[in-house]
*Asks:* 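Please see the structure below; I have some questions.
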Amino acid sequence: MSQLRERFIRDLRLRNYSESTIKSYVGQIKRMGQHFNRCPSELSSDQIKEYLNFQLEKGMSWSSVNLILSACNCLYKETLNNSEKIESIKRPKSRKTLPVVLSREEVSVLLGSIRNVKHRALMMTIYSAGLRSGEACRLNLTDIDSKRMRIVVRNGKGHKDREVILSEKLLEYLRYYARLYCPKQYLFYGRDISQPISKSTVGKV
């Protein structure tokens, strides 16, 4: 699949997909090919349906099955120019469930249990501003606009910039954090002060 893989990655990059999405799509297609021990370009529409059904029977979530189908759409429509293979495959309807919403007291206890100042500042920022982990990792000091009480989120989902509200409580804690850790460029840096904290580290926190 090496040549097909390179073409697939090229087409995904030309469509401006993020590197994490590209990695996910390539991985899903690779696993589907390994399931049949065949190159994905040789799979039939029935085999693709069989694979999706196999994953559902294993207990895979609807959202994960949708991810596989999204990868297939890109592969067969864009890279292989063979949309007929997936035209008859409809996206599964996902279940709609209510999210678990924590009370203010529960959130306070949760954040208060984090003893590391840097980690608490990071989690407070993610929670207060509603950021994705990758967005928090990329924050620069200059993205914190204390005059306008805004946080500038650059290159978010869909490669779009946006602004979110900066709360007084978060600003106060970020100033306390900055006095202790002295960030230079990235608000939350990794082991190397010139590099942002990694998403894997955020996940561990």
Side-chain angles (χ1 to χ4, degrees), residues 1-97 99-100 122-123 125-127 129-139 153-162 164 186 188 190 195-205:
M1 186 189 166
S2 57
Q3 288 187 351
L4 177 60
R5 180 178 181 276
E6 294 305 317
R7 288 169 54 201
F8 188 37
I9 292 174
R10 175 204 63 191
D11 292 341
L12 291 172
R13 283 180 176 156
L14 287 173
R15 292 192 63 183
N16 205 23
Y17 281 100
S18 67
E19 288 301 316
S20 60
T21 299
I22 292 173
K23 182 179 179 180
S24 178
Y25 280 16
V26 170
Q28 294 294 350
I29 295 299
K30 179 181 179 180
R31 285 187 284 276
M32 185 171 67
Q34 290 174 336
H35 178 80
F36 292 100
N37 197 27
R38 297 182 66 181
C39 179
S41 62
E42 300 173 355
L43 299 179
S44 67
S45 179
D46 283 340
Q47 286 176 314
I48 297 171
K49 290 179 181 179
E50 179 185 330
Y51 180 72
L52 294 173
N53 186 62
F54 169 74
Q55 296 298 342
L56 285 172
E57 289 180 343
K58 281 203 319 179
M60 179 178 280
S61 67
W62 290 106
S63 59
S64 296
V65 172
N66 261 321
L67 179 65
I68 299 173
L69 191 50
S70 294
C72 288
N73 271 321
C74 291
L75 176 70
Y76 293 105
K77 284 185 178 180
E78 303 291 334
T79 304
L80 295 174
N81 195 25
N82 189 359
S83 59
E84 293 179 358
K85 284 190 176 182
I86 55 172
E87 283 179 347
S88 62
I89 305 176
K90 305 300 180 185
R91 288 189 178 275
K93 293 182 179 180
S94 58
R95 290 180 56 198
K96 293 183 179 180
T97 57
V100 176
L122 172 65
M123 291 298 115
T125 303
I126 289 174
Y127 173 76
L131 303 184
R132 298 173 178 85
S133 59
E135 294 171 341
C137 292
R138 293 190 296 271
L139 283 177
V153 183
R154 305 186 189 281
N155 195 27
K157 189 175 179 66
H159 301 282
K160 296 178 181 179
D161 295 348
R162 71 180 190 279
V164 295
Y186 292 103
F188 303 112
Q195 297 297 319
I197 191 171
S198 68
K199 286 179 66 176
S200 60
T201 299
V202 177
K204 291 175 182 177
V205 172

*Asks:* Determine, stepwise, if the pair Asn53 / Glu50 fulfils side-chain contact (heavy atoms from CB on, under 4.5 Å).
*Replies:* CA-CA 5 Å; Asn53 186 62; Glu50 179 185 330; 5.8 Å; no
*Asks:* Is there a side-chain contact (heavy atoms from CB on, under 4.5 Å) between Leu12 and Thr21? Walk through the geometry before answering.
*Replies:* CA-CA 9 Å; Leu12 291 172; Thr21 299; over 6 Å; no
*Asks:* Can you tell me if Arg38 uses its side chain to pair, donor with acceptor, with the backbone of Gly33 under 3.5 Å?
*Replies:* no
*Asks:* Please report the interatomic distance CD1(Ile89) to CD1(Ile68), rounded to the nearest 0.5 Å.
*Replies:* 11.0 Å
*Asks:* Do side-chain atoms of Ser70 reach the backbone of Asn66 as a donor and acceptor pair under 3.5 angstrom?
*Replies:* yes
*Asks:* Considering only heavy atoms from C-beta outward, does the side chain of Phe8 approach that of Leu80 to under 4.5 Å?
*Replies:* no
*Asks:* Using a 3.5 Å distance criterion without hydrogens, assess whether the side chain of Ser83 forms a donor-acceptor pair with backbone atoms of Lys77.
*Replies:* no
*Asks:* For Cys137 versus Val202, what's the shortest heavy-atom pair and its separation?
*Replies:* SG-CG2, 3.6 Å
*Asks:* State, to 0.1 Å, how close Ser88 and Ser45 come at their nearest heavy-atom pair, and which atoms those are.
*Replies:* OG-OG, 3.5 Å
*Asks:* Check Ala136 against Leu122 and note the closest heavy-atom contact, atom names and distance.
*Replies:* CB-CD1, 4.0 Å
*Asks:* For Arg7 and Thr79, which heavy atoms make the closest approach, and how far apart are they?
*Replies:* NH2-O, 2.9 Å
*Asks:* Is the side chain of Glu57 donor-acceptor paired with the backbone N or O of Phe54 at a distance under 3.5 Å, no angle test?
*Replies:* no
*Asks:* Are the side chain of Asn82 and the backbone N or O of Tyr76 linked by a donor-acceptor pair below 3.5 Å?
*Replies:* no
*Asks:* Is the number of heavy atoms from other residues, nucleotides or ligands within 6.0 Å of CD (Glu42) greater than 12?
*Replies:* yes
*Asks:* Could you give the distance from CG (Leu69) to CD1 (Ile86), rounded to the nearest 0.5 Å?
*Replies:* 6.5 Å
*Asks:* Please find the pair of heavy atoms, one from Tyr25 and one from Leu67, that lie closest to each other, and give the distance.
*Replies:* CE1-CD1, 3.4 Å
*Asks:* Provide the closest heavy-atom pair for Ile126 versus Ser133 in the form atom of the first, atom of the second, distance.
*Replies:* CD1-CA, 4.5 Å
*Asks:* Between the side chains of Ser61 and Ser64, does any donor sit under 3.5 Å from an acceptor?
*Replies:* yes
*Asks:* Short question: side chain of Lys85, backbone of Leu43 - any donor-acceptor pair under 3.5 Å?
*Replies:* yes
*Asks:* Please list, chain by chain and in numerical order, all residues satisfying side-chain hydrogen bond (donor to acceptor under 3.5 Å, both in side chains) with Arg15, sequence neighbours excluded.
*Replies:* none
*Asks:* Between Tyr51 and Gln55, do the side chains contain a donor N or O and an acceptor N or O under 3.5 Å apart?
*Replies:* yes
*Asks:* In chain order, what residues pass the ring-ring contact (aromatic ring centres under 6.0 Å, His included) check against Tyr186, with sequence neighbours excluded?
*Replies:* none
*Asks:* Tell me, yes or no, whether the heavy-atom count around Lys23 atom NZ, taken from other residues, nucleotides or ligands under 6.0 Å, exceeds 12.
*Replies:* no
*Asks:* Distance check, rounded to the nearest 0.5 Å: Glu78 atom CD versus Arg10 atom CZ?
*Replies:* 10.5 Å
*Asks:* Distance from Lys58 atom NZ to Leu56 atom CG, nearest 0.5 Å?
*Replies:* 11.0 Å
*Asks:* Do Arg154 and Glu135 meet the salt-bridge criterion of a basic N to acidic O distance under 4.0 Å?
*Replies:* no
*Asks:* For the atom pair SG (Cys74) and CD1 (Ile29), what is the distance rounded to the nearest 0.5 Å?
*Replies:* 8.5 Å
*Asks:* Pair Gln34, Lys30 - check side-chain contact (heavy atoms from CB on, under 4.5 Å), show working.
*Replies:* CA-CA 6 Å; Gln34 290 174 336; Lys30 179 181 179 180; 3.3 Å; yes
*Asks:* Show your reasoning for whether side-chain contact (heavy atoms from CB on, under 4.5 Å) applies to Thr125 and Leu139.
*Replies:* CA-CA 10 Å; Thr125 303; Leu139 283 177; 3.9 Å; yes
*Asks:* In Å and rounded to the nearest 0.5 Å, what is the SG to CZ distance from Cys39 to Arg5?
*Replies:* 13.0 Å
